[in-house]
Amino acid sequence: MQDSQTPYQGIWLALVTPFRNDEIDRPALKRLMAHYRDSGISGLVVCGSTGEAAALDESEQLAVLDMVLEEAGGLPVIMGLAGNNQRRVLARLDACNSRPLAGVLVPAPYYIRPSQAGLQGYFQTIADASAAPVVLYDIPYRTGVALTADTLLRLAEHGNIQAIKDCVGNAQTTRALIEDGRLAVLAGEDHQIFATLCLGGQGAISAAAHIRPDLYVALHRTVAEHRLDTARRLATALAPMIQLLFAEPNPGPIKALLARQGLLIDELRAPMLPASQDLAVKLAAAHDVLNSIATTDLGVVI
């Protein structure tokens, strides 16, 4: 069993980056922080794929990080650290090391598809150099390479590698990591949150939790309290919205709904595009349905 004292548990929000006229929208980012910091989430992840980090230059990434840290109100913050040039990744890590981070979220170096030994060396090198713990980000459909269970278990031996954002959906590997207990296992795909929690995972790094984060927090809590019938009802209620939020490339659908709530304007950086009008209509309808569901009907006290 995993250590219940790990800081990597609960619902961590993979935060969007708001834009206005192709620049970071600082007032919108402050609104987002005010909206989420008291929502019950466990922490924030900035400059991940949902935060459109690939469209931000290095100075912009640090600017977003510093704004979030300033507005976090005590919430822990994990910084995304992606790239395929190891020297440049280490240089960005050096800049991050001066910030009070709860972790760095590190995917495999994309496109080049290194061997398992190369992946192990890459993550260990970053963990050696990082002032904050490393959260592995296993997402082969973005990076082109998957971490095997054996490699993950070898990486778990490193004292500064402490968690994994699991986007693979391999129940056997997920279960092996949970049973091993050295890495906190966080679901990285929103439709897998309920299953991962029921297997014994510690929580999730969620993009969909932008919409009704209270229900995701309740889902985590009800599983932890072994109220599985209630948790199942929550997961069922959330499933249609999750499906729509990923019907088009993330974070377009999320930003469409956040714009509808007045939290930001519906803008992404090219080549990413806003959600289609057809999907935006479906999202709005699903949002209204979700908001109409009384939490008391689900057996949940928020």
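Source: prediction; values computed, not measured.
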Chemist: List the atom of Leu219, the atom of Ala231, and the distance in Å for their closest heavy-atom pair.
Modeler: CD1-O, 3.3 Å

Chemist: Report yes if the side chains of Leu136 and Asp138 come closer than 4.5 Å at any heavy-atom pair, otherwise no.
Modeler: no

Chemist: Strictly by modelled atom types, are Arg233 and Thr236 linked by a side-chain donor-acceptor pair under 3.5 Å?
Modeler: no

Chemist: For Gln243, give me all partners under side chain to side chain donor-acceptor pair (under 3.5 Å), at least two apart in sequence or on another chain.
Modeler: none

Chemist: Give me the atom names and distance for the closest heavy-atom approach of Ala208 to Ile242.
Modeler: CB-CG1, 4.1 Å

Chemist: Checking side-chain contact (heavy atoms from CB on, under 4.5 Å) for the pair Arg99/Met79: CA distance, chi angles, key distance, verdict?
Modeler: CA-CA 10 Å; Arg99 274 78 172 175; Met79 177 63 171; over 6 Å; no

Chemist: Is the closest side-chain heavy-atom distance between Arg88 and Glu58 below 4.5 Å?
Modeler: yes

Chemist: Evaluate the criterion side-chain contact (heavy atoms from CB on, under 4.5 Å) for residue pair Cys198 and Leu228; output intermediate values, then yes/no.
Modeler: CA-CA 8 Å; Cys198 288; Leu228 294 186; 4.2 Å; yes

Chemist: What verdict does the side-chain contact (heavy atoms from CB on, under 4.5 Å) test give for Leu257 and Leu245, after you've listed the backbone C-alpha separation in whole Å, the side-chain angles of each residue and the deciding distance to 0.1 Å?
Modeler: CA-CA 9 Å; Leu257 276 182; Leu245 286 173; 4.1 Å; yes

Chemist: Do the side chains of Leu69 and Pro100 get nearer than 4.5 Å, heavy atoms only?
Modeler: yes

Chemist: Do the non-hydrogen side-chain atoms of Leu258 and Ile211 ever get within less than 4.5 Å of each other?
Modeler: yes

Chemist: Checking side-chain polar atoms at under 3.5 Å, does Ser276 have a donor or acceptor matched by the opposite partner on Asp278?
Modeler: no

Chemist: Looking at every non-hydrogen atom in both residues, tell me the closest pair between Ala132 and Leu101 and how far apart they are.
Modeler: CB-O, 3.8 Å

Chemist: Going by the side-chain contact (heavy atoms from CB on, under 4.5 Å) test, name the single residue among Leu32, Leu29, Thr17 that passes it with Leu264.
Modeler: Leu32

